[in-house]
Structures are given as structure tokens and as C-alpha cells.
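Below is one structure; the comments refer to it alone.
We name chains A, B, ... by the order of the sequence lines, and we start the count at 1 in each one. Atoms considered below: every heavy atom in the structure, side chains included; atoms not considered: hydrogens, waters and symmetry mates.
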Amino acid sequence: MNLYKYVSEKINEKLGFAAKLETPRNREFGDFSTNAAMVMAKSAGKNPRELAGEILPKIHELDFVKSASVAGPGFINLTIKDDFLWHAAQTAAQITPAEKPIIIDMDYGAYNVAKSLHIGHLRTSIVGDTFNRIAKSLGHKTFSWNHIGDWGKPMGLVIAWIERLHPELPYFRDDFNPNTPVDFEIDEQELNTYYPAASAFAKENPEFQSHAQEIKAKFQSGHPGYFALYEKFLAISLRTMNKTVSRLNILPFDYDLGERNAAKYLGSVEKILREKNMIYENDGAEIINVKRDTDNKPMPPYMWRDSRGADTYDSTDLAAVYCRKKTDNPDKIIYFTDLRQSLHFEQLFRVADMSGIYPYDKFEHIGYGTINGADGKPFKTRDGNAAGLDDIFDIANDAVRARVQEFDKKLDDDTIQTIALAAVKFNDLLHDVKSDYIFDPAQITSFEGRTGPYILYTAVRLNSVLRRAGDFSATAITEMCSDERNLIMELLDFDRTIQSAFNERATDLVANYAYDLCQMVNTFYHNCPILREDVPAEIRNARLGLVKIAVDVLTKTLDLMGLKVPNEM
RNA sequence: GUGCCCAUGGCUCAACUGGAUAGAGCAAUUGCCUUCUAAGCAAUAGGUUGCAGGUUCGAAUCCUGCUGGGCACGCCA
């Protein structure tokens, strides 16, 4: 049950006025607070406090209100009856489904073939996945698209690089027969070094560069040998990606379809653009003007083809929109990428709208900030290189292992990995999406305070209580202590938090909620004994009932963030 | 140059989108384990919310102008 919504609606019904319900920061002011009198006073031409006094009796009439009073400049503070709270808490873990479920295409991940995942893939994966889970939990139909980099120039470079390493392979012959088996295996780890190596080499060697371009052109027009080789390393890369998805504990993508798939639609899209006379030639390139007269900001043209006649990032992205419109016909298309791509997406949305492919106002770009090191600059590993995802995992794992040893505990590798992943993911989700944040291994690994391990630890403790308790039948709490009450109030904020997180596209609300909830749980746990021998049976059963609800809510919250709870910590 | 984002205790972040006495966690000091997992709980200290104006009952939040930072601005993706 969404207590806030319930109370808000009942009050508005009673007053015949849409006032904003607030939860006072200071608990002493009560459970809720309405500024209705202050808002109404203006039109009524009355003193807010006086008006509040007139409204007060109506508030008292509501059956869930224990007490209400006028305070400050004209707030009406109210406290909810304990037995009402207890009753409401029984359904605290339920998420109210969306009234109008919609279809949402979500674009996140965007992994690359023949290039290992790096720190830049972390936020898109984690935030995108959590938002996907939130949307699903509300009953929306979602499709996650991993728009992989599997086409174009990078593939030319990778093929050229393999040719350089293994020129004897038959793939490079123009008369290659796709039916002939080739005895050639590529090492997964090694493959990930190909594209970066080739790219660096190409910068120094123009001949290699142009050779790779040649290969790319032949490859895209159907060279059988190149294509056979491509399929070989594509399969390996997809396997690597799936491992990462599983290691990150994010939902499998509905589509691992990227640039290559989008390229199939370029012809259809170009036809539309030509019919609308949107493509212009300029400096040898084919461009689309997206500037509006009202723009007061830089708005370069959209690059349909570069001056070498090649398809661009711009063109495949538009083709991808066309494809999604055709396959899913979504009500929304949401992109989760680095904030620095904002201008690109603004352009894409305009072109899609102008061409009639997909309307501007159904697009959203959720741009996230940069992950920085302790020095405030983009996070690098100790050797000064851009950090790979594996580096991040290793750093976190090592830190957790060290901590476990420090406490003289014995945990298996799986548990350590689970904790390390929680540390990384929770820290990522905790921050406002669009702001940069500092990834400081030392801080994450201190494991005290607002961290993933703290959250997991809380869940482990609660699970442990339930395990020890065995069967029980929950009874109502007759007299609530403040710790029980605070916990119940927090539990009743769950549904509201999830709704807000979806509406505001703010995944950090979920992480912050998890932390607040855990604080309440731990205070309750500390002050309210449950299984101790001196605890009377009715209190024990009532508290066990509360623990059960807390576990349900916390587990759902953790699920939304893609965190797993270990058996012990 | 143009535009976008940001600025909150020593550090990292909140503040439910305009509400009451700006909250947490690190770090510091100090209490609490023969009783459900002390990776916990509790207490003390730490603030003119970058600066200056404005809007109103009320501003960290909205507007204007500064200052200081990050980012983007046609052939990278």
C-alpha cells in the first residue's frame, strides 16, 4: 500500500481541494503535513493560521487520523493511528501497477565487438538495467536493446589486424569458399586487444589505415572470407558479453542487435529522407540541417554520410530508430548514454521527427556523468590506463577479501564476489544519474555506512532471524514502540519511492531508499529483541511479522537494483 | 565565442522538486557484545548552502548578474 497516496487522496477528497501532502523532515511534527490552508488562504483572503483552524475539524473526521494540529505559518500536521499503520503495512511490499502500461524501448549497454568492456559501460549497464526492472515492476512492457558496435570501420580494422597476424589464413583470399572448414581458433582474451591495437596502429600507418578501409568496403558488400571470419569472432565476442551480463547480474538483453542490424534499414530510411528532400551535399559529405530559427545554441548538421561516402554513427542510429518503430512500435524510446552525447541525441530526435520516422517528444535521453578517480579526473587504473570492467571487479574483489580477512571471517569466493558487486553497483546507483561521481576504491571498500555491503548485511541479518524463528503466525502489534513505528512508516514509503523513481527517471531514489530502510531496520533490530527468551510470545510473533514484511520490501528493493543477498556475511 | 551541467560541514553525498530547526555516511572524540550476525547501534563536535541582488507568507531549490569548475559545439563512436 502507498500510504502517502492514500492519505493525500482522502484529505483532498475531504477538503475538496488538491493540496500537496508533505512528510515533515522533523518527525516531531507528525507523520504528514498539509499546506492546504496556506495555499487556500491567498484566494480566500484569509489569514493562513485562521483558515487552518477552520479546516482542522474536517481532518479530525478522517478515520485514520489519530491527532492533528495547526503549526508554524499554517501547516496542518497529522499523526496516523497505529492500528491503521499496522494494517496498511501488510501490503507494503506491493507495487501499484501503472494505470496505463506503455511499451518502452531502452537502449543501454552498447558493447563493442573485439573490445573488452571498460568503465564507460558500467553506468549505462547498471542504470539502464535498474530502470528496466523498475518499469517492468510497474507493469510496463520493455525491450532492452544492446546496440552493439559490430559493423563498419572497427570491423575493417579487426579483420585487417587478424590478417596482419595470420596472413596465411584462407579468409583473405577473394575466392574463399564459405563451405571449407578452417582450423583457426581465436583466444577470447586476445580478441579483446585486437581493435584497440589495430586502431592505434592505424593512426601511425596510413597504408594499414587505407587497407582496413578497403577491407571494410569489401566486407560490407559481401566478401565471403571476411564475413566468415567476422562471424567467427562475433560469436566469441557475444559470448564474452553474455559472461559480463551474467557477472554484472543484469537482465539478459532482449536484443543483441546493433549497427549491423540497423544498417539493413539504411536504404528504407534514405528513401524517406530523399523524398522529403532533407539530405544536402556539403564539402563532399551528405548532411541534414537540423537547426531551427529559434535555436540560440550550437546545432551542427546531422551527418548522413561522411565525405568518403561511408555511413556514420548518425545514420545507423536513425536506422535503428526506424527498426525499433517497425519491430516494437514503442510508446517511448529511452537512451542511457554518457551525458556528453546529449547534442547527438538532440540531433537524432530532430531528424527522426522531421522525417516522420518517430516523434520528438517520445524520445528521451538519460545522460549520465563521468566516473572519476579520487583526483576528480576520469578514473584510471594504477598504471594510468583507462580502467576495464575486469579491473573494477578485481579491485572491488580484492578489497572485500582483505576486509573479510581483517574480520577473521571465512566466506567463499561466490559470496565475496556478490559483496564486491553490490559495493560497485550500489555506489553507482546511489548518485544522481547526471552528476559525475568519484569512484574511490578505498572508500567503497571501507564498507561502513552508505554502501552495498551495509545493505546486504542488513538483509542477511533479517534472513537469519527468520531462519532461526522457523514457523510462526504473525500477530498484530498492540503497542508500538517508536522504532517499530518508524520502520513501518519507512516500509510504507516503498511503493511511493518506486513510482517516483520511474516518473522522474531517478534510479538513485531506489538506492537511497534502500539505505534509509536499512537504517530503520538496524535500529529496530538493535532496540527490539525478537528471539530472546525473555520476549513474550505475542511480541515475538508481532515482531516476526514485521521482520517478514521488511524482508519482502528489502528483497524487492535489492531485486530492482540487481543485487543478490548472500547466505552469510 | 555559443550552449548544457555543476557548486551544500575537512571529504563523499542527501534534502521527496517552493516548506518549519539543511540531513546522512566517512574522518575525529566517546559509549554499547556471556542474549536474534558489532560489516551493527547510540552520543558529541562540525554550516552565512560559491558571491551579489530579485520574486513571496517562506528560497539550498525559481529569476538576473558575477566568480570558479566539468562538458559539448560537422566527417570519432
Side-chain angles (χ1 to χ4, degrees), chain A residues 4 20 22-26 28-29 33 35 38 41-42 47-48 71-75 77 110 112 149 152-154 199 259 282-287 295-308 310 312-314 316-317 337-344 346-347 367 369-370 372 374 376-377 403-404 406-407 409 419 427 430-432 434-438 440 443 446-451 453-454 456-458 460-462 464-469 493 496-497 500 504 506 508-509 512-513 515-516 519 522-523 525-535 543 547 568-569:
Chain A
Y4 173 88
K20 194 185 141 208
E22 288 164 11
T23 51
R25 283 202 276 242
N26 193 335
E28 288 168 22
F29 289 133
S33 167
N35 63 355
M38 281 140 77
K42 203 169 278 179
N47 173 312
F75 291 103
N77 295 328
N112 297 308
K153 191 184 110 185
S199 182
E259 293 168 351
N282 192 287
D283 288 343
E286 291 178 347
I287 59 167
D295 281 333
N296 61 345
K297 56 187 168 187
M299 191 53 65
Y302 204 62
M303 183 70 46
W304 178 253
R305 278 210 184 88
D306 68 21
S307 49
R308 288 197 311 267
T312 63
Y313 177 54
D314 288 355
T316 49
D317 261 13
T337 79
D338 194 297
L339 198 58
R340 286 175 288 192
Q341 294 190 41
S342 298
L343 180 55
H344 165 70
E346 173 66 21
Q347 294 178 296
T370 314
N372 291 327
K377 292 181 180 154
R403 186 70 173 181
V404 166
E406 196 182 306
F407 278 97
K409 293 194 176 186
I419 298 170
N427 180 255
L430 191 60
H431 297 87
D432 179 50
K434 65 175 184 294
S435 61
D436 299 346
Y437 76 80
I438 291 180
D440 180 356
Q443 197 189 332
S446 77
F447 298 141
E448 271 149 29
R450 193 158 41 186
T451 65
Y454 172 85
L456 295 191
Y457 179 69
T458 310
V460 167
R461 280 175 128 187
L462 290 186
S464 173
V465 170
L466 288 185
R467 203 180 309 122
R468 282 167 175 275
D493 218 26
R496 185 185 174 207
T497 302
S500 302
E504 293 164 35
D508 59 299
L509 290 179
N512 279 298
Y513 173 77
Y515 177 69
D516 291 342
Q519 278 200 314
N522 281 319
T523 303
Y525 181 92
H526 185 261
N527 293 338
C528 304
I530 303 163
L531 301 178
R532 263 170 33 180
E533 285 179 9
D534 57 338
V535 179
R543 285 181 178 164
V547 168
E568 59 168 344
M569 270 179 83

All N/O pairs under 3.5 Å across the protein-nucleotides 46-49 of chain B interface:
none

Contacts under 3.5 Å, N or O only, protein and nucleotides 17-20 of chain B:
residue : atom : partner : partner atom : Å
B:U17   : OP1  : A:K20   : NZ           : 3.4
B:U17   : N3   : A:E504  : OE1          : 3.1
B:U17   : O4   : A:E504  : OE1          : 2.9
B:G19   : N7   : A:N35   : ND2          : 3.4
B:A20   : OP1  : A:R25   : NH2          : 2.7
B:A20   : OP2  : A:R25   : NE           : 3.1
B:A20   : OP2  : A:R25   : NH2          : 2.7
B:A20   : N6   : A:S33   : OG           : 2.7
B:A20   : N6   : A:N77   : OD1          : 2.5
B:A20   : N1   : A:N77   : OD1          : 3.2
B:A20   : N1   : A:N77   : ND2          : 3.0

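Between A:Y454 and A:Y515, the ring planes are tilted. Angles from 30° to 60° get that label.
The residue A:S500 sits apart from the nucleic acid: no heavy atom pair falls under 4.0 Å. Note on A:Y302: nothing from the nucleic acid sits closer than 4.0 angstrom, heavy atoms only. Residue A:V460 is in base contact, counting any heavy-atom pair closer than 4.0 Å across all strands shown.
No more than 12 heavy atoms of other residues, nucleotides or ligands lie within 6.0 Å of CD in A:E533, so this atom counts as exposed by the packing criterion.
Rounding to whole angstrom units, CD of residue A:E533 and C1' of B:U34 are separated by 13 Å. Summarising the geometry, the separation between CG on A:N512 and C1' on B:G25 is reported as 11 Å, rounded to the nearest angstrom.
Spacing between B:U48 and B:U8 at atom C1', rounded to whole Å, works out to 12 Å. The same atom, P, is picked in B:A7 and in B:C51; the two are 13 Å apart, to the nearest Å. As rounded to the nearest Å, B:A15 and B:C62 have P atoms that lie 13 Å from one another.
Shown here are the side-chain hydrogen bond (donor to acceptor under 3.5 Å, both in side chains) partners of A:T451, two or more places apart in sequence or in another chain: there are none.
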**Study point:** nucleotides 66-77 of chain B: protein proximity per nucleotide (B base, S sugar-phosphate only, - neither; heavy atom, under 4.0 Å)
**Key:** ----SSSBBB-B
Point to revise | nucleotides 38-44 of chain B: protein proximity per nucleotide (B base, S sugar-phosphate only, - neither; heavy atom, under 4.0 Å) | key: SBBSS--
Practice item. Starting at the 5' end of RNA chain B, write a dot or bracket for each base, bracketing those in Watson-Crick or G-U wobble pairs whose two distances are under 3.5 Å and using | for partners on another strand. Key: (((((.(..((((.....[...)))).(((((.......))))).....(((((..]....)))))).)))))....
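Contact annotation: A:S464 side-chain N/O to B:U37 OP1/OP2 distance is under 4.0 Å.
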